[in-house]
Amino acid sequence: MSSSSQVVADCLFCKIGAGLIPVKPLYEDERVMAFADIHPQAPTHVLFIPKTHYANGGEAPAELLGHLLHAAAAFGKAQLAGGYRIVMNTGEHGGQTVDHLHLHVLGGRHMAWPPG
Ligand code: 5GP
Ligand code: ZN
């Protein structure tokens with residue numbers, strides 16, 4: 001299977017992006033959408049995904065990555081005045097558990113550094 005295509009039938013985030021699994025959209029445009037993480041790690045924990053399938057950031061085109069990051073940062077700027085963290089876990093060592101590109105936006109508390 002190619003690492004990128006429009007929508008992958010057995011991909012959880014493709015289904016969410018296509019509206020097949022309903023979520024409350026916290027942001028949406030023609031290319032990306034955002035929704036609350038099901039297991040929040042902070043008072044605010046939002047996932048930003050492209051509606052098309054890319055396994056991770058290394059597979060995605062620069063323009064889409066920029067758009068995704070721009071949308072996530074705009075959300076943080078608008079909603080998280082105290083600051084926020086944007087995370088892109090990638091691969092096994094990175095702790096990625098869903099193989100569809102996504103950014104975590106975490107806020108509402110102080111973040112530790114270094115991350116675990
Ligand atoms: P990763 O570990 O790949 O960086 O992040 C995947 C995230 O997706 C996890 O934080 C996990 O809690 C979240 N997640 C997994 N399944 C679902 C789901 O069905 N709905 C939502 N809203 N989030 C999910
Ligand atoms: Zn997908």
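All ligand and atom numbering here is 1-based and tracks the order in the structure. Computation of the quantities below employed the complete heavy-atom set of this structure, encompassing side-chain atoms and omitting hydrogens, waters and symmetry-equivalent molecules. Values in this document were obtained by computation on a predicted structure and should not be read as measured data.
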Please work out the angle at the Zn ion (ligand 2) defined by atom SG of C14 on one side and atom SG of C11 on the other, rounded to 10°.
-> 120°
Could you grab the angle centred on the Zn ion (ligand 2), going from ND1 in H53 to ND1 in H100, to 10°?
-> 110°
So, is N89 polar-close to ligand 1, with some N/O to N/O distance under 3.5 Å?
-> yes
For atom 22 (N) of ligand 1, what's the nearest protein heavy atom and its distance?
->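 Result for atom 22 (N) of ligand 1: A36 O, 2.8 Å.
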Ligand 1 versus H102: contacting region, heavy-atom distance under 4.0 Å = side chain
May I ask you to identify, for V87, whether its side chain, its backbone, both or neither come under 4.0 Å of ligand 1 on a heavy-atom basis?
->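 No part of V87 comes within reach of ligand 1.
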Is the distance between the ring centroids of H104 and H102 less than 6.0 Å?
-> yes
Proximity of Y54 and F13 rings by center, below 6.0 Å =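 Judged by ring-centre distance (under 6.0 Å), Y54 and F13 do not meet the cut-off.
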Roughly how far, to the nearest 0.5 Å, is the [atom2] atom of [Y] from the [atom1] atom of [X]?
X	Y	atom1	atom2	value
L106	D37	CG	CG	8.0 Å
C11	I16	SG	CD1	8.5 Å
F48	H70	CZ	NE2	11.5 Å
D29	L68	CG	CG	9.5 Å
E63	R31	CD	CZ	4.5 Å

Per [atom], closest listed option by heavy atom ([options]):
atom	options	answer
atom 7 (C) of ligand 1	I16, D37, V98	D37
atom 24 (C) of ligand 1	D99, I38, I21	I38
atom 2 (O) of ligand 1	L106, L101, T97	T97

Does ligand 1 have an atom under 4.0 Å from some heavy atom of Q41?
-> no
Report yes or no: does a heavy atom of V23 sit under 4.0 Å from some atom of ligand 1?
->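 Not so, V23 does not reach ligand 1.
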Subset of ligand 1 atoms that lie under 4.0 Å from at least one heavy atom of [X]:
X	answer
Q96	3 (O)
F13	8 (O)
L12	16 (N), 17 (C), 18 (C), 19 (O)
H39	12 (O)

Would you find more than 12 non-hydrogen atoms of other residues, nucleotides or ligands less than 6.0 Å from E92 atom CD?
-> no
Should F35 and I21 be regarded as members of a common hydrophobic cluster, given that ILVMFWY residues are connected when their side-chain heavy atoms come within less than 4.5 Å of each other, either directly or indirectly?
->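 F35 and I21: one cluster.
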Would you say the side-chain atoms of H100 pair up with the backbone N or O of P50, donor to acceptor, closer than 3.5 Å?
->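 Present.
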